[in-house]
Amino acid sequence: MTGQGAPPQEAGDLMEKVVNLCKRRGFIFPSAEIYGGFRSTYDYGPLGVNMLRNVKDAWWRSMVQRRDDVVGLDAAILSSPRIWEASGHLANFTDPLVDCRNCHERWRADKIGDSCPNCGSTDLTEPRAFNLMFKTFAGPVESDATVAYLRPETAQGMFVNFLNVLQTTRKRPPFGIAQVGKSFRNEITPQNFVFRTREFEQMELEYFVPPAEADTWFGYWLETRMAWYLDLGIPTDKLRLRHHDPDELSHYSTATADVEFLFPWGWDELEGIANRTDFDLLAHAALSGEKLEFFDQGSGERYVPYVIEPAAGATRTMMAFLLAAYDEDEVGGERRSVLRLDPRLAPYQAAVLPLSKNDTLVPLSREVLGMLQPLCTCDFDVTQSIGRRYRRQDEIGTPWCVTVDFESLEDRAVTVRDRDSTTQVRIPIGGLAAEMKARLGA
Ligand code: GAP
C-alpha cells in the first residue's frame, strides 16, 4: 500500500493499477471509447454501478434512514437562472483562465505559475473569469428567456424547497434536507481519473439550525462525517480534517473544513463541511419575495436558520475507497491483487461458484444463489478453474465465495471462503442465509 512519504514511483503505480483494474474488470470505462473517448467523461460499468450505488446507499442510510431529523429530496437538474443569480453562482462561480499563445493550451491561472505546463512558454494571456456552469436552453428557441443551467451543486435544490419541506414534514430546526445526485461543472482542467470531472455525483446535506447553535452543529458534523469514512474502511493515517484559512472561504461561508484523503498525488478534498450561515435563505428570499424563515408557534419567535452543510462527492469518494482498498499479497506462492473493500461497498457481497460446470452441480448452485440474492448482490461464475475464479473475485473485492462441490450433493453443505484471510469453512446450506445475515450485519 502507498503511504505518506511513499516514493512517487509507488504512488504512481498505485494510481495506474487502480485505473487499469477499473477498466479491465468493468468498474469505470472512458466514455465513448469506440470514438476515442470524450473529454474526460466516464461510464460506470457493471461493477462500478454496483459500488457507486453502495457508496450512495451507505451515505443515505447514515444521513437519512437512521435519523429522524433528516428528510430526502430529489430536485431538478435543469434549473432556473434565478436560482443561480440568488446563490451568487452567476457572478462568483468562476475560475481564472489563461491561454498559452505558443501552443494554444488553456489553463487555470491559479494552478500553473507563470509558464505553460505543456510547452514551458511564459507567453500567456491575462487571466479572465470563466463561469463553470453549463448553460443550455429549455425549449426550441435559443434566447435569453429560455436560458437554463445544469446545476453545479445539489445544495440549491434544498434551499429553494425549504418552505415546501417545512410545511409538508412539520420539521423544526435543527433538521436537515439531504440529496444525492448529479452535478455539472465545466472544469477547465478535469484530472486524476474521476477525481475531477465535468459530470459527477454529490451527496449533500443542508442542516438548518437556530443561529446560536451553528458552531456546535458545525463541530458535530465534522466528527460525524469523519467517523463515516473510517467506519467504511478508510485507514486513519489516510484521512484528515483541514480547516480553511479565512482567505480560502467561499463567498457564502464563515467556516469550512475539508475532509481530506491521502491520494497518490498528496492530500486532497473528499468533502467540504461549511457553515453557510443564513446566506442562501436570505438571498433566495430577497430575489423571490418569499419569506424563507422558521416560525416557532410555541414561542412566537421567527428567525432565518443558519445552515451547516456537509457536501461530499460520491464518485470521488468511490475512487478513494478503491485506492485505499487496493492491495497485493501472496497466496500459495502466487501473487494476487485484492480489493479489501468493506462488504457494504463491494460490488458483489458473495459469489456462488459450482466447482465444475457439471450438470449435477449447477441446479444446487442455483438453489444457493436463490437463497442469497434476497440478502445481497451475488455473482454466479461457472467458468475456469476454481483457483482462477477465487483470484478474479479477490481482485474485484468480493468478500465471500460460496463453493458448491460434489460433496454438497451428499451433505447439503457448501464451502465459504473469506477474501482477506483465504480461510474456508464448511456451512450447511440450511444455515447459509442466517450466516450471511450475520456477516452482513443485517
Ligand atoms: N454545495 C457545496 C459544494 O458543492 P464543493 O466543495 O464545491 O461544495 C462538494 O463540492 C464535493 O463535491 C467536493 O468535496 C467533491 O467531493 C465533489 N466535487 C466537486 N467538484 C467535483 C468535480 N469536478 N468532480 C468530482 N467531484 C467533485
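Note that ligands are numbered from 1 as they come in the structure, with each ligand's atoms numbered from 1 the same way. Hydrogens, waters and symmetry mates are skipped; everything else that's a heavy atom, side chains included, is used. This one's a predicted model, so the numbers in the text were calculated from it and none came from an experiment.
Between Phe263 and Phe261, the distance from one ring center to the other falls under 6.0 angstrom. Here the two rings, on Phe294 and Phe208, have centers that are 6.0 Å apart or farther. For an aromatic pair to be called close, the ring centres must be under 6.0 Å apart, and Phe93 with Trp84 fails this.
The closest approach between Tyr252 and ligand 1 falls below 4.0 Å for a heavy atom of the residue. Residue Glu206 places every heavy atom at 4.0 Å or more from ligand 1.
Of all atoms in ligand 1, numbered sequentially from 1 with element shown, those under 4.0 Å from a heavy atom of Glu309 are 1 (N), 2 (C). Those atoms of ligand 1 that come under 4.0 Å of a heavy atom in Glu271, given as number and element, are 14 (O). Set against the non-hydrogen atoms of Glu187, the atoms of ligand 1 under 4.0 Å away are 22 (C), 23 (N). Shown in contact with Arg276 at under 4.0 Å from a heavy atom are these atoms of ligand 1, numbered in order with element: 1 (N), 2 (C).
At the top of the distance list for atom 7 (O) of ligand 1, counting protein heavy atoms only, stands Arg185 NH1, 2.8 Å. For atom 1 (N) of ligand 1, the nearest non-hydrogen atom of the protein is Glu204 OE2, 2.4 Å. Of all protein heavy atoms, the one closest to atom 14 (O) of ligand 1 is Glu269 OE2, 2.6 Å. Protein heavy atom nearest atom 8 (O) of ligand 1, with residue, atom name and distance: Ala311 CB, 4.2 Å. Distance from atom 18 (N) of ligand 1 to its nearest protein heavy atom, with residue and atom name: Phe200 CE1, 3.5 Å.
No part of Arg198 comes within 4.0 Å of ligand 1, judged by heavy-atom distances.
Taking the six-membered ring where tryptophan is involved, the planes of Trp217 and Tyr220 are perpendicular, since the angle between them exceeds 60° and thus also 30°.
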Criterion side chain to side chain contact (heavy atoms under 4.5 Å, CB included) on Cys22 and Leu322, from CA distance to verdict: CA-CA 9 Å; Cys22 281; Leu322 284 169; 3.7 Å; yes
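Enclosure of atom CZ in Arg170 is not indicated, since only 12 or fewer non-hydrogen atoms of other residues, nucleotides or ligands lie within 6.0 angstrom. Within a 6.0 Å radius of CZ in Arg39, no more than 12 heavy atoms belonging to other residues, nucleotides or ligands are found.
Between Gln202 and ligand 1, a contact under 3.5 Å exists for at least one N or O pair. In terms of polar-atom proximity, defined here as any N/O pair under 3.5 Å, Gly313 does make such a contact with ligand 1. Of the N or O atoms in Thr315, none lie within a sub-3.5 Å distance of an N or O in ligand 1.
A salt bridge between Asp381 and Arg388 is absent, with no side-chain N of the basic residue lying under 4.0 Å from a carboxylate O of the acidic one.
When side chains are defined from C-beta on, Glu271 counts as touching Tyr229, because their heavy atoms get closer than 4.5 Å.
The shortest non-hydrogen separation linking Pro310 to Met63 is CG-CE, 4.4 Å.
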